[in-house]
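Sequence positions, counted from 1, serve as the residue numbers for this chain.
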Amino acid sequence: MKKYRDIATQIRTLIECNELDAGSRLPTERELAESFGVSRATIRQAEAELQALGIVEIKTGSGAYVTGHAKSSSADEALPEITALELTEARSLLESEAAALAAVHITDQELSELEECIAVMNQALPDNEVAADDADRDFHLVIATASGNAAILHTVRMFWRIRNEVESVKRVYSAVCLQDTGPRGKEHLDILNALKRRDPMQARIAMRAHFFRLLESMLDVSTAQAIEAARRQADEERQRFLMNPAVRSIHQDVVTK
């Protein structure tokens with residue numbers, strides 16, 4: 001289970017055990033981060049999870065307030081059967097606009113969190129793909145949070161669930177990420193620099209360029225995987241039809257005659 005989801009579950013348990021009443025305010029991000037020993041970005045993701053479930057309401061500049069109980073968990077939602085290319089196309093369309101919105105609203109704290117994510121990615125790759133992917137996810141979720149739009153944040157979180165939990169999508173992303181560590185790092189830095197300048201147009205362009213290059217890499221990987229699959233099938237058919245002892249025996253008899 002992802003750390004933010006684990007924390008969201010713990011907070012939800014407190015609420016459902018009536019330790020936090022409806023209308024009460026959650027502790028501040030800083031207090032929760034210190035209590036759980038995680039970053040404020042992780043707490044923000046946990047609160048967004050609870051807001052998506054209808055358990056809390058996040059009021060800008062005021063904090064998160066308990067509203068009630070969830071009827072179902074987003075973690076239980078069925079994931080659609082889509083391709084990695086379809087997912088990346090959707091991410092490009094939505095997250096480019098999220099970056100433009102974030103450029104207007106992003107805080108210095110969120111910019112620091114993005115810098116930290118890039119540092120972790122640079123340190124983790126190529127030896128620790130899991131840590132790099134977690135930092136990559138956090139980078140995009142911080143931007144979605146900074147957009148100030150809860151629907152965008154919820155959708156981006158769902159994108160990452162599809163990326164990590166739909167096996168066919170996960171395989172393609174893993175193959176691409178193993179071979180493009182250099183471009184990925186530069187692209188994230190370009191996005192960060194545009195956000196630092198509070199430039200919506202450049203933030204949109206930088207994010208779009210990131211996903212366009214990712215789509216190109218995915219097409220290359222998909223082509224290579226299709227060629228390899230066709231080669232394996234041809235080898236299997238060769239083994240079946242030409243290397244079968246019975247078939248070879250018939251062939252030898254025909255040649256001998």
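Of all heavy-atom pairs between Ala8 and Ala46, the closest is CB-O, 3.7 Å. Scanning both residues, Ser147 and Ala98, for their nearest heavy atoms gives CB-O, 3.8 Å. The two residues Ile143 and Ala99 come nearest to each other via the heavy atoms CG2-CA, 3.9 Å. Taking both residues in full, the closest heavy atoms of Met218 and Ala84 are given as SD-O, 3.8 Å, listed atom of the first, atom of the second, then distance.
Put simply, the side chain of Phe159 reaches to within 4.5 Å of the side chain of Leu94, judged on heavy atoms. Here the side chains of Tyr173 and Leu87 are in contact, with some heavy-atom distance below 4.5 Å. The side-chain heavy atoms of Val169 and Thr83, taken from C-beta on, include no pair separated by under 4.5 Å. For the pair Ile162/Pro80, a side-chain contact is recorded, criterion being any heavy-atom separation below 4.5 Å from C-beta on.
Leu219 and Leu214 fall within a single hydrophobic cluster, where Ile, Leu, Val, Met, Phe, Trp and Tyr are joined by side-chain heavy atoms under 4.5 Å apart, directly or via other members. Linking Ile, Leu, Val, Met, Phe, Trp and Tyr whenever their side-chain heavy atoms come within less than 4.5 Å puts Leu85 and Val172 in one cluster. By the rule that hydrophobic residues join a cluster once side-chain heavy atoms approach within less than 4.5 Å of another member, Leu79 and Val156 end up as members of one cluster. Residues Ile55 and Tyr65 do not share a hydrophobic cluster, clusters being chains of Ile/Leu/Val/Met/Phe/Trp/Tyr side chains in contact below 4.5 Å. In the hydrophobic cluster analysis, where Ile, Leu, Val, Met, Phe, Trp and Tyr join through side-chain heavy atoms closer than 4.5 angstrom, Ile205 is grouped apart from Ile106.
The closest donor-acceptor contact from the side chain of Thr88 to the backbone of Leu215 lies at 3.5 Å or more, if one exists at all. Under the 3.5 Å distance criterion, the side-chain polar atoms of Arg25 are matched with a main-chain donor or acceptor of Ser62. In this structure, the side chain of Glu31 engages the main chain of Thr28 through a donor-acceptor pair within 3.5 Å.
Taking Gln10 as the reference, Asp6 meet the side-chain hydrogen bond (donor to acceptor under 3.5 Å, both in side chains) condition, with sequence neighbours excluded. Ser35 pairs by the side-chain hydrogen bond (donor to acceptor under 3.5 Å, both in side chains) definition with nothing, not counting sequence neighbours. Ser39 meets the side-chain hydrogen bond (donor to acceptor under 3.5 Å, both in side chains) test with Thr42; sequence neighbours excluded. Applying the salt bridge (charged side-chain N to carboxylate O under 4.0 Å, His left out) rule to Asp138 yields no partners; only residues at least two apart in sequence or on another chain are considered. In terms of the salt bridge (charged side-chain N to carboxylate O under 4.0 Å, His left out) criterion, residue partners of Glu115 (sequence neighbours excluded) are, by chain and number, Lys196. Evaluation of the side-chain hydrogen bond (donor to acceptor under 3.5 Å, both in side chains) rule for Ser96 yields no partner, not counting sequence neighbours. The salt bridge (charged side-chain N to carboxylate O under 4.0 Å, His left out) search around Asp190 returns Lys186, not counting sequence neighbours. Residues forming a ring-ring contact (aromatic ring centres under 6.0 Å, His included) with Phe139 (at least two apart in sequence, or on another chain): His188.
Enclosure of atom CZ in Arg197 by more than 12 non-hydrogen atoms of other residues, nucleotides or ligands within 6.0 angstrom is indicated.
Remark: Arg44 CZ to Gln51 CD distance equals 13.0 Å, nearest 0.5 Å. Between atom OG1 of residue Thr9 and atom OH of residue Tyr4 there is a gap of 10.0 Å, rounded to the nearest 0.5 Å. Between atom CG of residue Leu114 and atom CD1 of residue Ile191 there is a gap of 9.5 Å, rounded to the nearest 0.5 Å. Taking CG from Leu153 and CG from Leu141, the interatomic distance works out to 6.5 Å, rounded to the nearest 0.5 Å. A distance of 10.5 Å separates OG of Ser217 from CZ of Phe212, quoted to the nearest 0.5 Å. Between Asp133 atom CG and Arg163 atom CZ the span is 4.5 Å, to the nearest 0.5 Å.
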Q | side chain to side chain contact (heavy atoms under 4.5 Å, CB included) between Arg213 and His210, intermediate numbers included | A | CA-CA 6 Å; Arg213 199 269 316 153; His210 169 52; 4.2 Å; yes
Q) Should Trp160 and Glu165 be marked as a side chain to side chain contact (heavy atoms under 4.5 Å, CB included) after you check the CA-CA gap, both sets of side-chain angles, and the distance that decides it? A) CA-CA 8 Å; Trp160 276 89; Glu165 296 178 28; over 6 Å; no
(Q) With side chain to side chain contact (heavy atoms under 4.5 Å, CB included) as the criterion, how do Val166 and Ile82 come out once you've worked through the C-alpha distance, each side chain's angles and the decisive distance to 0.1 Å? (A) CA-CA 8 Å; Val166 175; Ile82 64 176; 6.0 Å; no
Q | Evaluation steps, side chain to side chain contact (heavy atoms under 4.5 Å, CB included), between Arg184 and Asp136 | A | CA-CA 9 Å; Arg184 181 161 56 155; Asp136 189 3; 3.0 Å; yes
Q.
If you apply the rule side-chain hydrogen bond (donor to acceptor under 3.5 Å, both in side chains), what do you find for Glu113 with Gln109, and how did you get there?
A. CA-CA 6 Å; Glu113 290 170 2; Gln109 174 63 33; 3.2 Å; yes
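Within the structure, the salt bridge (charged side-chain N to carboxylate O under 4.0 Å, His left out) test picks out the following pairs touching residues 92-108 (sequence neighbours left out): Arg91-Glu95, Glu97-Arg204, Glu97-Arg208, Asp108-Arg198. Sorted by first and then second residue, the salt bridge (charged side-chain N to carboxylate O under 4.0 Å, His left out) pairs involving residues 54-65 (not counting sequence neighbours) form an empty list. Among pairs with a residue in residues 78-88, none fulfils salt bridge (charged side-chain N to carboxylate O under 4.0 Å, His left out), at least two apart in sequence or across chains.
Applying the under-4.5 Å side-chain rule to Ile, Leu, Val, Met, Phe, Trp and Tyr, the cluster around Val104 consists of that residue alone.
Salt-bridge annotation for Arg40 and Glu110: absent, with no side-chain N of the basic residue lying under 4.0 Å from a carboxylate O of the acidic one.
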